Each structure stands twice: as structure tokens, then as C-alpha cells.
Amino acid sequence: MRVVAGEYRGRRLKALDGENTRPTTDKVKESIFNMIGPYFDEESVLDLYSGSGGLAIEAVSRGARHAFCIEKNFAALKVIKENIAVTKEPEKFTIKKMDADKALEAFSEEGKTFDIVLLDPPYAQQKIEKQLEMMEKNHMLTDRSVIVCETDKMVNLPEEIGFLYKAKETVYGITQITIYRRDESDD
């Protein structure tokens with residue numbers, strides 16, 4: 001696994017051993033960022049199920065200002081810290097050991113907003129629709145927010161969630177990538 005493009009391009013990243021996480025392959029990662037970027041200009045990123053931190057690191061490598069990496073698995077947190085160290089810019093990342101729903105509650109109370117949201121939950125435990133509704137209700141998304149959902153290809157996410165609309169959906173093997181964007185007519 002490596003950083004595909006940007007400032008950290010080519011740097012090798014570690015993956016978590018075992019079956020607790022499924023690191024996004026370099027091919028899928030490159031496709032995701034080509035769909036939503038491919039480069040950024042000071043955006044704030046939320047990687048809600050961070051795993052190895054690879055998606056957050058890729059976003060910062062491509063120009064995002066700061067990434068929040070949320071993960072509850074202790075072994076995964078260790079890998080995220082090691083991978084962030086490879087960037088030599090740890091100040092661009094905030095790592096929080098907590099459950100995804102509790103993290104959303106905390107960010108809501110803090111008034112945090114995000115331009116890019118990366119949702120790659122464990123396939124059997126995905127609550128994407130509920131979590132996006134919560135983010136929308138609590139004004140955690142900006143006018144230009146883009147949300148990347150990585151699910152099993154059998155998951156059927158709705159065309160719209162609040163003011164978010166499904167902009168693109170692509171399948172790679174057993175993985176489905178769904179991109180939501182903000183409906184600009186809600187202003």
C-alpha cells in the first residue's frame with residue numbers, strides 16, 4: 001500500500017494485519033480521488049473509520065488542510081500513527097480513539113464542519129445513511145462537501161439523503177464506491 005499522488009506520493013504505508021480492516025487498494029484509492037478531486041485546496045477531512053489512515057493521508061497529500069482520523073481499534077490506531085509519521089507532517093492530522101457515532105456527537109457539539117467525508121465502515125456494521133442524516137441535521141457539512149462511501153457491492157444506498165444526492169456510483173470487485181454531493185438548490 002502506498003500514497004498514490006501529491007506531496008507524499010510513493011511513500012509506503014502499513015496495513016493492519018488480520019481481518020478487522022480492509023485497506024482500500026491503491027487502484028480503488030486512485031479512482032476515488034480522481035472522482036472527487038483529484039487535488040484539493042485546504043479542505044477539512046473526516047475519515048470516520050480510519051483503519052490504516054490511508055485515505056486521510058491521501059487527501060492531505062493532495063492538498064487538504066487537515067484530516068481527522070477516527071478509529072476505535074487499538075491495533076489500527078498504532079498503524080495510523082506509524083503511517084502519519086511517514087508524512088513527516090503530523091500536525092496536519094488529528095487521531096481520535098472513539099466510536100464513530102460518539103465522534104460525530106463530539107464534533108457536532110464542537111461545531112466542526114467537513115468538506116470531505118470518508119466513510120469506509122466494516123461492511124456488516126455500516127450505518128452510512130443514519131450517520132449522514134446526523135451530519136446533515138447538525139450542520140457538519142459545508143456547501144461544497146463531498147462524501148465518499150465504501151461498501152459491499154450488494155449495499156443499496158438511497159439516491160438522496162437530506163440535501164445530499166448520489167453523484168456517482170462505481171463497483172470494483174466486491175467493493176462499491178458511492179459519492180454524495182451537496183444539493184446546491186438547498187441554499
Side-chain angles (χ1 to χ4, degrees), residues 21-22 24 28-29 31-51 53-60 62-72 80 92-172 175-187:
T21 63
R22 310 169 277 43
T24 304
V28 172
K29 190 181 344 175
S31 295
I32 287 170
F33 284 94
N34 285 339
M35 285 188 267
I36 67 168
Y39 294 96
F40 306 111
D41 184 25
E42 295 293 306
E43 287 83 353
S44 177
V45 177
L46 172 60
D47 188 355
L48 197 55
Y49 299 89
S50 207
L55 291 175
I57 291 168
E58 188 74 34
V60 171
R62 292 171 182 249
R65 175 182 77 255
H66 193 88
F68 292 85
C69 300
I70 309 303
E71 180 57 58
K72 67 179 184 178
I80 293 167
K92 292 187 175 185
F93 300 88
T94 299
I95 305 166
K96 291 190 178 275
K97 182 188 186 308
M98 53 191 334
D99 172 77
D101 290 334
K102 286 187 178 19
L104 289 178
E105 288 172 20
F107 287 140
S108 174
E109 289 171 12
E110 295 170 17
K112 289 237 185 289
T113 60
F114 302 99
D115 303 302
I116 300 168
V117 178
L118 305 167
L119 298 173
D120 182 10
Y123 285 173
Q125 301 170 25
Q126 74 93 1
K127 301 183 269 184
I128 289 172
E129 191 172 352
K130 178 180 160 245
Q131 289 168 334
L132 288 178
E133 286 170 352
M134 179 185 181
M135 293 182 79
E136 184 75 15
K137 178 182 145 212
N138 293 318
H139 309 288
M140 298 170 69
L141 304 172
T142 66
D143 290 341
R144 63 182 182 166
S145 285
V146 59
I147 295 92
V148 177
C149 308
E150 188 171 335
T151 60
D152 181 272
K153 71 178 182 180
M154 303 308 284
V155 171
N156 188 16
L157 293 172
E159 290 296 316
E160 295 179 355
I161 300 173
F163 290 114
L164 300 170
Y165 70 94
K166 191 185 290 185
K168 188 162 182 97
E169 196 165 61
T170 309
V171 174
Y172 301 93
T175 301
Q176 178 172 275
I177 303 297
T178 305
I179 309 290
Y180 283 97
R181 293 192 182 270
R182 202 61 197 268
D183 183 350
E184 295 174 15
S185 67
D186 71 326
D187 295 336

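Worth saying up front: this structure is predicted, and the values here are computed from it rather than measured.
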> How long is the gap from CG on Leu48 to CG on Asp120, to the nearest 0.5 Å?
Replying inline: 10.5 Å
> Hey, mind stepping through Ile95 and Glu71 against side-chain contact (heavy atoms from CB on, under 4.5 Å) and telling me if it holds?
Replying inline: CA-CA 8 Å; Ile95 305 166; Glu71 180 57 58; over 6 Å; no
> Once you round to the nearest 0.5 Å, how far does CZ of Phe107 lie from NZ of Lys102?
Replying inline: 14.5 Å
> Can you tell me how far the SG atom of Cys149 sits from the CD1 atom of Ile128, to the nearest 0.5 Å?
Replying inline: 4.5 Å
> Within the distance-only criterion (no hydrogens, no angle test), does the side chain of His66 pair as donor or acceptor with the backbone N or O of Lys92 below 3.5 angstrom?
Replying inline: yes
> Hey, is the main chain of Ala103 close enough, under 3.5 Å, to the side chain of Glu105 for a donor-acceptor pair?
Replying inline: no
> Given side chains that start at C-beta, do those of Ser145 and Tyr180 come closer than 4.5 Å, heavy atoms only?
Replying inline: no
> Tell me, which pairs form a side chain to side chain donor-acceptor pair (under 3.5 Å) where one or both residues lie in residues 106-119, sequence neighbours left out?
Replying inline: Asp115-Thr142, Asp115-Arg144
>> Which heavy atom of Glu150 sits nearest to which heavy atom of Pro121, and what is that distance?
In response: O-CD, 3.8 Å
> Atom CE of Met134 and atom CD of Glu129: how far apart are they, to the nearest 0.5 Å?
Replying inline: 15.0 Å
> Does Glu136 reach the side chain of Leu164, with side-chain heavy atoms less than 4.5 Å apart?
Replying inline: yes
> Would you say the side chain of Leu132 lies within less than 4.5 Å of the side chain of Leu119, judging by non-hydrogen atoms?
Replying inline: yes
> Are any of the side-chain heavy atoms of Asp152 and Thr175 separated by less than 4.5 Å?
Replying inline: no
> Quick one: is the NZ or CZ of Arg62 closer than 6.0 Å to the six-membered ring centre of Tyr39, and within 45° of its axis?
Replying inline: yes
> Which heavy atom of Phe68 sits nearest a heavy atom of Ser44, and at what distance?
Replying inline: CE1-OG, 4.1 Å
>> Contact between Thr178 and Lys168 at the side-chain level, heavy atoms closer than 4.5 Å - yes or no?
In response: no
> Minimum heavy-atom separation for Lys72 to Lys97, with atom names?
Replying inline: O-NZ, 3.1 Å
>> With rounding to the nearest 0.5 angstrom, report the OG to CG distance, Ser50 to Leu55.
In response: 8.0 Å
> Do Phe40 and Ile116 pass the side-chain contact (heavy atoms from CB on, under 4.5 Å) test, and can you show the C-alpha distance, the side-chain angles, and the key distance before you say yes or no?
Replying inline: CA-CA 10 Å; Phe40 306 111; Ile116 300 168; 3.6 Å; yes
> Measuring from Glu133:CD to Asn138:CG, what's the distance to the nearest 0.5 Å?
Replying inline: 11.5 Å
>> Using a strict threshold of under 4.0 Å (side-chain N to carboxylate O), is an ion pair present between Lys130 and Asp101?
In response: yes
> Between the side chains of Gln176 and Glu169, does any donor sit under 3.5 Å from an acceptor?
Replying inline: yes
> Between Pro158 and Lys166, which heavy-atom pair has the shortest distance, and what is it?
Replying inline: O-CE, 3.4 Å
>> Determine whether Val45 and Phe114 satisfy the following criterion, side-chain contact (heavy atoms from CB on, under 4.5 Å), listing intermediate values before the conclusion.
In response: CA-CA 6 Å; Val45 177; Phe114 302 99; over 6 Å; no
> Are the side chains of Glu159 and Tyr165 in touch, meaning some heavy atoms are under 4.5 Å apart?
Replying inline: no
> Between Phe93 and Cys69, which heavy-atom pair has the shortest distance, and what is it?
Replying inline: CD2-SG, 4.4 Å
> Of the non-hydrogen atoms in Gly51 and Ile80, which two are nearest, and what is the gap between them?
Replying inline: O-CG1, 3.3 Å
> Where do Ile179 and Ile147 land on the side-chain contact (heavy atoms from CB on, under 4.5 Å) test, with the steps shown first?
Replying inline: CA-CA 6 Å; Ile179 309 290; Ile147 295 92; over 6 Å; no
> Is there a side-chain contact between Leu46 and Met135 (heavy atoms, below 4.5 Å)?
Replying inline: yes
> Is the closest side-chain donor-acceptor distance between Asn34 and Ser31 under 3.5 Å?
Replying inline: no
